[in-house]
Amino acid sequence: MIRWIKVGIFIACLIPLGRRGCGAYTQNLGANPIEKITHTTGDWTLSLLLVTLSVTPLRKLLGVPALIKFRRMLGLFAFFYACLHFTTYIWLDKFFNFHEMLVDVAKRKFITVGFTAFVLLIPLALTSTKGWIRRLGGKRWQALHRLIYVSAIAGVIHYLWLVKADIRKPLEYGAVLALLLGYRVVLRIRPRKRGDISAARIAATAE
């Protein structure tokens, strides 16, 4: 069952790429096809990052541990679309003019933060296998993969600074991200509070 669900998710994650491929083949990407491809790949990068981050909360809230089996695939697809987004910029937009790209990274804030978001995803993709979990150890691996939070935040800021005028969509992404991160903060605080209450009771009993 899990295997077939994974196949379904795999196909679903490729649909945006297929649609843009068909659009490019039929020359139906609008007046600015490069901008269309850039926005599509950027949107799907952020969407899949948020879906990846939602796996843990849904797994705990719904009581479905098996959801964790899909997190790696979703995270890798987020990285895949981030690569397409970055490739569109360096190839179709800048034609591999690295000097111009470096100037962009240094002077344009939204590109700087977007490039940061992409770079942070690279070690996560490279260490996503079970072999790397064994090499790094569970705690170090988890600490490294918390970079996804920073990358997602940087991605939302990148989008917000890019659009400038109509900021509704990046704010929607930001609201979902804030909810997902807030859930994790609450989970980390709760055990400490319980621990503090237990310690207080023990101290009161001793007195």
Side-chain angles (χ1 to χ4, degrees), residues 13-17 19-21 23-24 29-57 71 74-128 143-186 188:
C13 288
L14 287 176
I15 288 175
L17 178 63
R19 290 180 62 188
R20 288 297 161 258
L29 291 179
N32 193 336
I34 295 175
E35 184 178 277
K36 186 76 171 179
I37 295 170
T38 302
H39 287 173
T40 300
T41 53
D43 277 334
W44 275 91
T45 300
L46 267 179
S47 296
L48 285 166
L49 276 177
L50 294 178
V51 171
T52 303
L53 287 172
S54 71
V55 169
T56 295
R71 188 172 62 182
L74 292 167
L76 287 175
F77 263 113
F79 179 67
F80 171 69
Y81 278 102
C83 288
L84 292 180
H85 185 66
F86 186 63
T87 302
T88 302
Y89 170 71
I90 66 173
W91 180 17
L92 301 180
D93 193 7
K94 297 301 178 183
F95 297 101
F96 298 100
N97 187 331
F98 292 103
H99 174 72
E100 189 174 339
M101 283 187 279
L102 289 173
V103 171
D104 268 356
V105 170
K107 290 188 175 182
R108 302 170 76 181
K109 291 191 300 181
F110 78 91
I111 292 181
T112 305
V113 74
F115 182 73
T116 301
F118 173 69
V119 169
L120 290 176
L121 288 178
I122 295 174
L124 307 190
L126 293 176
T127 60
S128 63
L144 174 64
H145 279 250
R146 288 193 182 104
L147 287 175
I148 191 174
Y149 307 147
V150 184
S151 180
I153 292 169
V156 171
I157 294 171
H158 166 70
Y159 196 0
L160 184 63
W161 287 350
L162 168 66
V163 296
K164 296 178 183 177
D166 188 0
I167 61 173
R168 286 174 297 177
K169 199 164 185 179
L171 286 181
E172 289 172 3
Y173 282 122
V176 175
L177 179 60
L179 184 64
L180 293 172
L181 296 182
Y183 174 83
R184 286 166 166 82
V185 170
V186 170
R188 290 182 68 86

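Please read all numbers here as calculations on a predicted model, not as lab measurements. Below, each value reflects all heavy atoms present in this structure, side chains not excepted, and no hydrogens, waters or symmetry copies.
Ser151 places no side-chain N or O within donor-acceptor distance of the main-chain N or O of Leu147, the cut-off being under 3.5 Å.
Of all heavy-atom pairs spanning Leu50 and Tyr173, the tightest one is CD1-CD2, 3.4 Å. The shortest heavy-atom contact between Thr52 and Gly75 is OG1-N, 3.3 Å. The two residues Arg184 and Thr56 have their closest heavy-atom pair at NH2-CB, 3.7 Å. Between Ala82 and Thr45, the shortest heavy-atom contact is N-OG1, 3.0 Å. Listed here is the closest heavy atom pair of Ala152 and Leu49: CA-CD1, 4.2 Å. Closest of all the heavy-atom pairs between Leu92 and Ile34 is O-CD1, 3.2 Å.
Between Phe118 and Ile122, some side-chain heavy-atom pair lies under the 4.5 Å cut-off. Looking at Tyr81 and Ser47, their side chains never come closer than 4.5 Å, going by heavy atoms from C-beta outward. Considering only heavy atoms from C-beta on, Leu84 stays 4.5 Å or farther from Arg20 through its side chain. Between Leu14 and Phe77, some side-chain heavy-atom pair lies under the 4.5 Å cut-off. In this structure, Phe79 and Leu124 have side chains that are not in contact, with every pair of non-hydrogen atoms separated by 4.5 Å or more. Looking at Thr41 and Pro16, their side chains never come closer than 4.5 Å, going by heavy atoms from C-beta outward. Within the 4.5 Å cutoff, the side chain of Ile157 has no heavy atoms near those of the Lys109 side chain.
How far CG of Leu171 is from CG of Leu160: 6.0 Å, rounded to the nearest 0.5 Å. Note that the CG atom of Leu46 and the CD atom of Glu172 stand 12.0 Å from one another [nearest 0.5 Å]. The distance from the CD1 atom of Ile167 to the CG atom of Leu162 is 12.5 Å, given to the nearest 0.5 Å. A distance of 11.5 Å separates NZ in Lys107 from OG1 in Thr112, rounded to the nearest 0.5 Å. The structure places CG of Leu121 at 10.5 Å from CG of Leu126, a figure rounded to the nearest 0.5 Å. Rounding to the nearest 0.5 angstrom, the gap separating the CG atom in Leu76 from the SG atom in Cys13 is 10.5 Å.
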After noting the C-alpha distance and the side-chain angles of Phe80 and Leu17, does the key distance pass the side-chain contact (heavy atoms from CB on, under 4.5 Å) rule?
CA-CA 10 Å; Phe80 171 69; Leu17 178 63; 3.7 Å; yes

Show, in sequence, the C-alpha distance, side-chain angles and deciding distance for Val55 and Leu74, and conclude whether the side-chain contact (heavy atoms from CB on, under 4.5 Å) test is met.
CA-CA 9 Å; Val55 169; Leu74 292 167; 3.9 Å; yes

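With sequence neighbours left out, Tyr89 forms a side-chain hydrogen bond (donor to acceptor under 3.5 Å, both in side chains) with Asp104.
Between the side chains of His158 and Thr116, no donor-acceptor pair of N or O atoms lies under 3.5 Å.
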Let me have the donor-acceptor pairs involving side chains of residues 96-103, under 3.5 Å, with sequence neighbours excluded, atom names and distances please.
{"from": "Asn97", "atom 1": "OD1", "to": "His99", "atom 2": "N", "distance (Å)": "3.4"}
{"from": "Asn97", "atom 1": "OD1", "to": "Glu100", "atom 2": "N", "distance (Å)": "3.1"}
{"from": "Asn97", "atom 1": "ND2", "to": "Glu100", "atom 2": "OE1", "distance (Å)": "3.4"}
{"from": "Glu100", "atom 1": "OE2", "to": "Lys94", "atom 2": "NZ", "distance (Å)": "3.0"}

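Heavy-atom neighbours of Arg19 CZ from other residues, nucleotides or ligands within 6.0 Å: at or below the threshold of 12.
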